[in-house]
Amino acid sequence: MNNLKIYNSISNKKETFIPIDKNNIRIYACGPTVYNYAHIGNARMAVVFDTIVKLLRYVFPKVTYVSNITDIDDKIIKRSLEEKKTCEEISETYLRIYNSEMKKLNVDVPDFQPKATEYVHSMIEKIKHLENQGFAYNKDGHILFSVSSFPKYGMLSKRSKEKQIAGSRVSVESYKINPEDFVLWKPSKKNEPGWNSPWGFGRPGWHTECFAMASDILKTPFDIHGGGLDLKFPHHDNEIAQSCCFQNKKDDFSSYARYWMHNGFVTIDEKKMSKSLGNIVLLKDYLEVYNGEVIRFALLSAHYRSPLVWTESLINQSKNILDKFYEVLRKLEDIKIQRYDLILPKELEVCFFDDLNISNAFVYLNKIIRNKENFKTDKNKKNLKKILMTVSNILGIFKHSPKEWFNEKINTSDENMKIIEALIQKRNVARENKNFSLADDLRKQLTNLGVEIQDGPKGVKWKWLN
RNA sequence: GGCUCGGUGGCAGAGUGGUUAUGCAGCGGAUUGCAAAUCCGUCUACGGCGGUUCGAUUCCGUUCCGAGCCUCCA
C-alpha cells in the first residue's frame with residue numbers, strides 16, 4: 001500500500017490517493033491548442049503532468065496517460081486565414097514542433113495523444129444524447145448546454161450562479177437562454193472547416209472534446225483529471241456537467257474523474273503570462289540557448305500549484321544546481337545500475353508522495369551528496385547512484401552523461417570544438433614543461449571561448465561557462 | 001461585487017507552536033604553480049496590528065498588499 005497524497009481541487013484538500021484500479025491508473029490532462037509555438041506556460045503544464053505521471057509509474061505497475069491536442073478551434077481557423085494554409089497544415093506543423101520541443105524537456109509522449117478532429121463523430125453522438133435527454137437546446141443552429149439542467153453546476157470552481165456577474169468581462173451571446181450556457185456545437189461558415197451533423201454543417205465547441213475523448217479512451221470514472229488552473233472554470237466545470245448529465249448521474253460528480261489537479265501559472269513581472277497582456281514568452285527561444293533539462297528543472301523549481309516567476313536568474317540558478325549534481329554523477333560514472341535497482345529510500349518517498357514536494361526531496365538529496373561516506377566504497381557509491389537514477393526517472397532530469405552535459409555543444413561548431421581540444425592539449429604540454437605563463441595565456445584564450453578549465457588529479461576536465 | 005490563493009533572508013523555496021530547512025549567490029578559510037572545481041565555516045527572514053499561549057513565523061481575528069478566476073487561455 002502506498003501513501004501517495006495529492007491535492008484534490010474538488011475538495012481543496014490533500015487527499016490520500018486511492019486508485020479505482022490499482023493495476024491501471026488512468027489520468028487525463030488537457031493539452032494545448034496547436035496554432036503557434038508553445039509558450040512557457042504550455043511547457044509547465046506538460047512538465048508538471050509528465051512528472052506526476054512518472055511518479056505514478058514509480059508507484060503503480062501501469063499508468064494510462066491521455067493528453068489531448070486541440071486541432072480544431074477558432075484560433076486555428078484565424079491563423080489558417082492569416083497564413084493562407086489549411087487548418088490541418090497549421091495544426092500538423094505546430095503539433096510536430098510541440099512534440100519535438102517536449103522531447104527536449106524530457107517529457108514523454110502520452111500513451112494517447114488524441115486529436116479533437118478524430119473524435120468529432122463521438123462528440124456528435126454525445127451531443128445528440130444530451131439533447132435528447134433535455135440537457136441541451138438548439139438555438140439558431142447552435143447547440144447549447146443548458147446549465148440550469150444541472151443543479152450542481154460550478155461545483156469544481158465553487159461559484160454559485162447567483163453571485164456571479166455573468167459576462168462581467170465580455171458580452172453575452174444573444175442566443176443563450178442562460179448566460180452561462182455553453183456551446184456544444186456551432187455552425188461553420190462555407191470557408192470554415194466543419195462536419196455534417198444532425199444540426200447542419202458545423203464544428204464542436206471546445207468543452208466537448210475533452211469530455212468525449214476522456215470518456216472514450218479512459219472510460220468513466222477515471223482517476224485523475226488535470227490541466228492548467230485557468231481551465232478549472234469554465235472548462236473543467238463544463239466537462240463535469242456534460243459527463244454527469246450524459247451518464248445520468250447528476251448527483252455524483254465523481255462519476256467523471258475522482259481527483260482534479262491544476263498547475264499554477266507562469267508569471268512575468270508578477271503578472272500572469274497571457275496573450276492579452278502580450279507578455280508571452282516562447283519555449284523555443286529558451287531551447288536555443290539552454291539545455292531543455294535546465295528549462296524543465298526551472299519549471300519544477302516552484303511547487304506545481306504555486307505561481308512560477310519566470311526570470312533569467314531562475315534559469316541560471318537551475319543550471320547551477322544541475323551542474324552540481326552532474327559533478328556528482330561524474331564521480332559515479334563507472335558505477336553500473338540495473339533497472340531493478342531503482343528504488344527510493346523512505347525519506348525521499350515521503351517527500352515525493354506528499355503532493356510532489358520536490359523542494360523537500362532536494363533537502364535530502366543535498367544531504368546525501370555532501371556525505372563523504374557515500375563515496376567511500378563501491379557499495380555506497382552504487383547506493384547513491386541508485387537513488388539519483390530513481391530521482392532521474394521521476395523528475396526527468398540527469399538524463400545526460402556528465403560528459404554530454406558539460407561539453408555539449410549548444411552554440412558552437414565542430415571547428416570550435418577542435419580548437420578547444422587543441423588549446424587544452426597545448427596547455428597540458430605547457431604545464432608539463434612548467435611553462436606556466438604560456439599555460440595561463442592559453443587558459444585565457446579558452447576563457448574567451450567560454451570554456452572553463454578544471455585541473456584535477458585524473459587530468460583536465462572542462463565545461464562551458466554560464 | 002462574488003469566489004480562490006498567496007505574502008518567509010540578496011534570490012529561489014520548504015516547513016514547524018519552543019531546538020529558526022535546503023539550495024543559488026555572497027563573504028571567510030583550506031586546497032591549488034596560479035585558477036577553477038571541491039571541502040569546511042558564515043551573515044541577513046517569516047507584511048502590519050491585536051488575541052490565544054509559559055512561548056507564535058507557525059493557531060485565531062483583523063488590516064494592508066499582491067496574484068488569479070467570474071471571457072478564449074496551460
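Numbered from 1 within each chain, the chains take letters A, B, ... in sequence-line order. These values consider heavy atoms only, across backbone and side chains, with no hydrogens, waters or symmetry-generated copies. Not measured: the values here are computed from a predicted model.
Of the possible polar contacts, none joining the Asp140(A) side chain to the His142(A) backbone as a donor-acceptor pair under 3.5 Å is found.
Listed by chain and residue number, His236(A) satisfy the ring-ring contact (aromatic ring centres under 6.0 Å, His included) test with His262(A) (two or more places apart in sequence, or in another chain).
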Let me check something: any side-chain donor-acceptor pairs from residues 362-372 of chain A under 3.5 Å, sequence neighbours excluded? List them with distances.
{"from": "Asn366(A)", "atom 1": "OD1", "to": "Lys324(A)", "atom 2": "NZ", "distance (Å)": "2.8"}
{"from": "Asn366(A)", "atom 1": "ND2", "to": "Phe362(A)", "atom 2": "O", "distance (Å)": "2.8"}
{"from": "Asn371(A)", "atom 1": "OD1", "to": "Glu373(A)", "atom 2": "N", "distance (Å)": "3.0"}

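Expressed to the nearest 0.5 Å, how far OH of Tyr137(A) lies from OG of Ser148(A) amounts to 8.0 Å.
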Pairs: protein N or O with nucleotides 14-16 of chain B N or O, under 3.5 Å:
{"from": "A14(B)", "atom 1": "OP1", "to": "His303(A)", "atom 2": "N", "distance (Å)": "3.3"}
{"from": "A14(B)", "atom 1": "O3'", "to": "Asn357(A)", "atom 2": "ND2", "distance (Å)": "3.2"}
{"from": "A14(B)", "atom 1": "O2'", "to": "Asn360(A)", "atom 2": "OD1", "distance (Å)": "2.5"}
{"from": "A14(B)", "atom 1": "O2'", "to": "Asn360(A)", "atom 2": "ND2", "distance (Å)": "2.8"}

Might you list the N or O atoms of the protein lying below 3.5 Å from N or O atoms in nucleotides 57-60 of chain B, with each pair's distance?
none

Polar pairs (N or O, both sides) under 3.5 Å between protein and nucleotides 29-34 of chain B?
{"from": "G33(B)", "atom 1": "O6", "to": "Arg431(A)", "atom 2": "NE", "distance (Å)": "3.4"}
{"from": "G33(B)", "atom 1": "N1", "to": "Asp440(A)", "atom 2": "OD1", "distance (Å)": "3.0"}
{"from": "G33(B)", "atom 1": "N2", "to": "Asp440(A)", "atom 2": "OD1", "distance (Å)": "3.2"}
{"from": "G33(B)", "atom 1": "N2", "to": "Asp440(A)", "atom 2": "OD2", "distance (Å)": "2.6"}
{"from": "C34(B)", "atom 1": "O2", "to": "Asp440(A)", "atom 2": "OD1", "distance (Å)": "3.4"}
{"from": "C34(B)", "atom 1": "O2", "to": "Arg443(A)", "atom 2": "NH2", "distance (Å)": "2.3"}
{"from": "C34(B)", "atom 1": "N3", "to": "Arg443(A)", "atom 2": "NH1", "distance (Å)": "3.3"}
{"from": "C34(B)", "atom 1": "N3", "to": "Arg443(A)", "atom 2": "NH2", "distance (Å)": "2.9"}
{"from": "C34(B)", "atom 1": "N4", "to": "Asp455(A)", "atom 2": "OD2", "distance (Å)": "3.1"}

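OP1 and OP2 of A37(B) both lie 4.0 Å or more from every side-chain N or O belonging to Lys463(A). For Lys324(A), a side-chain nitrogen or oxygen approaches OP1 or OP2 of C24(B) to under 4.0 Å. Asn320(A) has no side-chain polar atom (N or O) that falls below the 4.0 Å cut-off from OP1 or OP2 of G23(B).
A salt bridge between Lys14(A) and Asp354(A) is present, with a side-chain N of the basic residue lying under 4.0 Å from a carboxylate O of the acidic one.
As judged by a 4.0 angstrom heavy-atom cut-off over every strand, Gln454(A) is placed among the base-contacting residues.
Going from the P atom of G23(B) to that of A14(B) covers 16 Å, rounded to whole Å.
The strand RNA chain B forms stems, runs of 3 or more Watson-Crick or G-U wobble pairs with distances below 3.5 Å, at B:1-7 with B:64-70, B:10-12 with B:22-24, B:26-30 with B:38-42, B:47-51 with B:59-63.
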